[in-house]
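Below is one structure; the comments refer to it alone.
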There are 2 protein chains.
Amino acid sequence: MKIIRVLSEPNRLHIVELLRDGPLTVGEIAAKLGMRQPQASKHLRVLSDAGLVEVHPSANRRFYKLRSEPFKELDTWLNSFRSIWEDRFDRLDDYLHDIQQQEKNQSSKK
Amino acid sequence: MKIIRVLSEPNRLHIVELLRDGPLTVGEIAAKLGMRQPQASKHLRVLSDAGLVEVHPSANRRFYKLRSEPFKELDTWLNSFRSIWEDRFDRLDDYLHDIQQQEKNQSSKK
DNA sequence: TATAAATATTCCTTTGAAAGAATATTCCTT
DNA sequence: AAGGAATATTCTTTCAAAGGAATATTTATA
């Protein structure tokens, strides 16, 4: 789950969202994000090391493009939580409520 | 997308995965993760501030439980990247699957 | 080949967040 | 009311990672 750690940096999240619409060069990314080129390169290095992007050199420039695997992985992980928001979990509230009642009764029992 | 920044800390990711199986108290979490109680409390504070968990006090203890909204939000965000890893052939299947999910959600919403 | 454009790397400084330790708070039990 | 268990908070220290600035590298073109 490297993707989460890597995307926790706001600029990198932004870069990934830019690349959602297609590959871009370093310069284009730097310009769109209002950052200097070295910073863009550094963030792209981190993204590349984590496997989130791949590079396609073209003449002078380098196009960065999203890779799918990390997103698939995140999707799989997220799916393991799906039962939580499909509201099968609400009876746990009742369970906790029962616990509270039991303890209340015990304490007032003597 | 606070959820990504909050889950970038490994211990917090671990806590969330523990809570996937149901609510736990601070002490239980600290024990299972081999960390000291104050650290557990501090991480839970961060998770709580970000809306990832909610608290259910019960006598001496406090049960922490996952909230669904941030996960839904992450799911929505992730879906905006789905075209990247599921091109042309699978599109129809995904569309149908999404429709089914939507109907499921609607019916459980009431 | 020299120069310019695009990109990468290195070094240094700064900053934010996590850990550690001690203490405070809350609530139950006796 | 006192003591104890569970949890929260505060303060300090530590450390990794991001930014800034300068420079190196690569590739194209004159």
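First the proteins, then the strands, lettered A, B, ... as listed; each starts at 1.
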**Item:** Listed nucleotide nearest any side-chain atom of R12(B), set dG20(D), dA18(C), dT7(D)
**Value:** dA18(C)
**Request:** Give a yes or no on whether a donor-acceptor pair under 3.5 Å exists between the nucleobase atoms of dA18(D), that is its base, and the side chain of E9(A).
**Result:** no
**Prompt:** Reckon Y64(B) has a side-chain N or O less than 4.0 Å from the OP1 or OP2 of dA8(D)?
**Reply:** yes
**Asked** Between dA5(C), dT7(C), dA18(D), which nucleotide gets closest to the side-chain atoms of S41(A)?
**Response** dT7(C)
**Charged N-O contact under 4.0 Å between D75(A) and R82(B)** = yes
**Message:** Can you see if the side chain of H43(B) gets near the phosphate of dA17(C) - specifically, an N or O under 4.0 Å from OP1 or OP2?
**Reply:** no
**Asked** Among dT7(C), dG19(D), dA8(D), which is the nearest nucleotide to the side chain of Q37(A)?
**Response** dT7(C)
**Request:** Choose from dA6(C), dT7(C), dA19(C) the nucleotide whose nearest atom is closest to any side-chain atom of N60(A).
**Result:** dA6(C)
**Asked** Using a cut-off of 4.0 Å on non-hydrogen atoms, how would the nucleic acid contact of R5(A) be classed: base, sugar-phosphate, or nothing?
**Response** nothing
**Request:** Remember a base hit wins even if backbone is also touched, and classify P38(A) as base, sugar-phosphate or nothing at under 4.0 Å, heavy atoms.
**Result:** base
**Message:** Please classify the nucleic acid contact of F63(A) as base, sugar-phosphate, or nothing, using heavy-atom distances under 4.0 Å.
**Reply:** nothing
**Request:** Step through the shown structure and confirm whether more than 12 heavy atoms of other residues, nucleotides or ligands are within 6.0 Å of CZ on R67(A).
**Result:** yes
**Asked** Should R62(B) be listed as having a side-chain N or O under 4.0 Å from OP1 or OP2 of dA6(D)?
**Response** no
